[in-house]
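Let me begin by presenting the structure, written as structure tokens, before commenting on it.
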Amino acid sequence: MAAPMELSCWGGDWGLPSLHPESLTVMAYAKFSGAPLTVNTINNSWSTPKADVPVLISEDIVISQPAKILNFLRKQRYNADYELSAKQGADTLAYIALLEEKLLPALLHTFWVEAENYCSVTKPWFASRIPFPLSLYLPGKMSREALNRILLTRGGPPLYSLTEVEAQIYRDAKECLNLLSKRLGTSQFFFGNTPTTLDAFVFGFLAPLYKVCFPRVQLQEHLKQLTNLCRFCDDILTCYFRLTVTGHSPSGQDTADANLQKLTQLVNKESNLIEKMDDNLRKSPQHPPRKITTLKLAAGGEESAPISRLSP
Amino acid sequence: LLLSAAAEPWPENAALYQQLKEDQILLSDNAASLAVQAFLQMCNLPVRVVCRANAEYMSPSGKLPFIHVGNQVVSELGPIVQFVKAKGHSLSDGLDEVQKAEMKAYMELVNNMLLTAELYLQWCDDVTVEEITHPRYGSPYPWPLNRILSYQKQWEIRRKMKAIGWAGKSLQQVLEDVDQCCQALSQRLGTQPYFFNKQPTELDALVFGHLFTILTTQLITDELSEKVKNYGNLTAFCRRIEQQYFEGHDKDSSAAASARSAKRSLLR
């Protein structure tokens, strides 16, 4: 509280305060809990730390992993989970585990392993923020570590080739996104109206996926269809980071129409996804599309389109 | 492949393969095997437990346990749950979407924290490795094969621990993580009989498998089991499932037998 706290982390782009999921998680938590952090983004100078980022420095204490940093902030009485019940605290831990097991491999893959993404976006971005000659070595090392992690945790029989592993991790990631979307539903945050640790972690993982412009975007496409998750990220960006959301669609009525179109597509695609997820048998009975309670489908023309789409 | 599986009913001679119970099986594998056995008992599907020294090599994914049903071989709890579902048995059909999401999240919590902690203890804690793991893991094989296989497995597990950031943890930190996980499970369970109130699900089977094994396996110290014993509702949960699904069945049932075998300390 009295001691000033400094956070060193990777900077941002594409409307985000940081591109790095763990850095973003810590920054979001600090905003939610009102902790006064001075954020130093890593730049080309040699003085900022490069490994184990994000790093919190408070007087002489140096703390490096997000979970530990959040614990430290809580001990300093910056607690965003103050109003949670014991069960909600337990749920937080469980959902964070779900994110790490099911979403993180695909996130790492999209950023660091997918060749086009890595070469055209990730490597140049990180290399430009690391001083020469470390910039020649460090991005490559981060990429190798990401691939290593994916293969060690998810590789192995019966998946024998990298493409099979990739297919599996993207399937798992899409399922995880669907589960998060279902859990979020129509509420503003995961536990009511105030954001908590879980919101920080989900935001940290989802926002880079949502905003960064990659050439290969299959997971991003999936995420964009889950409009409540996109809305969740945008809300946090506008409310807590005071960054204007630079949308891809023009403002005003066009956006509303585009959203409505996307919603009808979402309803179809979600019901198809639910089939694939829950039924391995192809001859399962078709479920009727679920209605999203917040937005009502416009009468007439919009309704006919989804019905005709349902028949396989 | 799964279409043909669905057509056949569950056969009488379904078998579950694991390593040798007395001498070879390790904490994490025993937990996994028990979880699958509990799940099948909860679905009322009979299975007999077969112990083989080379079970790990017979498994299609290299992980245990695996079940041999008809002419299908399926390993690990996740795929087994899906396989059983394709045959028309499911424990989680009655849950709504949000509850299913919660169930999956808690299962990942158990895998992420409890299972990783068990693996850490078995393969990265030097004392445990020397005194328990190496002798047990290589016990069916002659020297030097037993040492070679043990070291190979240890190297593989340590690589994985390093990749996920657990290599730098001390034993105390790992035990704290176990405590945190047990606290979350205890808070979620509350005073209910099962995690989703009246009916057990695959989550209950998974939690039972891990907690019962931790409580009844003798290690170098009792620190791990003490962490679980701190939560009364969790020990009561294990006892309840043991009584309901494992006692009173035939003597070959693995959990009942393991509760009586000399190497394990009994649940009080």
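So that the names make sense, note that chain A is the first sequence line, chain B the second, and so on, each numbered from 1. Just so it is clear, the values below take in all heavy atoms, side chains as well, and ignore hydrogens, waters and symmetry mates.
Here the CD atom belonging to B:E108 is positioned 13.5 Å from the CD1 atom belonging to A:I96, to the nearest 0.5 angstrom. Note that NZ of A:K102 is 8.5 Å distant from CG of B:N111, once rounded to the nearest 0.5 Å.
With a 6.0 Å radius and a threshold of 12 heavy atoms from other residues, nucleotides or ligands, A:E145 has its CD atom above the threshold. Heavy atoms from other residues, nucleotides or ligands lying under 6.0 Å from NZ of B:K169 number more than 12. Within 6.0 Å of CG on B:D96 lie more than 12 heavy atoms contributed by other residues, nucleotides or ligands.
A heavy-atom distance below 4.5 Å is found between the side chains of B:E102 and A:Y95. You'll find the side chain of A:K87 stays beyond 4.5 Å of the side chain of B:Q187, heavy atoms only. B:R159 is listed as a side-chain neighbour of A:N148, based on a closest heavy-atom distance under 4.5 Å. Residues B:Y106 and A:L93 form no side-chain contact, since every pair of their non-hydrogen atoms from C-beta on lies 4.5 Å or further apart.
Nearest heavy atom pair, residue A:K182 against residue B:V98, reads O-CG2, 3.7 Å. Contact record, B:K104 with A:L179: CD-CD1, 3.9 Å, taken as the closest heavy-atom pair. Nearest heavy-atom pair, A:A90 versus B:A184, reported as atom, atom and distance to 0.1 Å: CB-O, 3.2 Å. In terms of heavy atoms, A:L152 sits closest to B:A163 at CD1-CB, 3.7 Å.
When heavy atoms are compared at a cutoff of 4.5 Å, A:E175 approaches chain B solely by way of its side chain, counted from C-beta outward. Neither the backbone nor the side chain of B:Q183 comes within contact range of chain A; no heavy atoms are under 4.5 Å apart.
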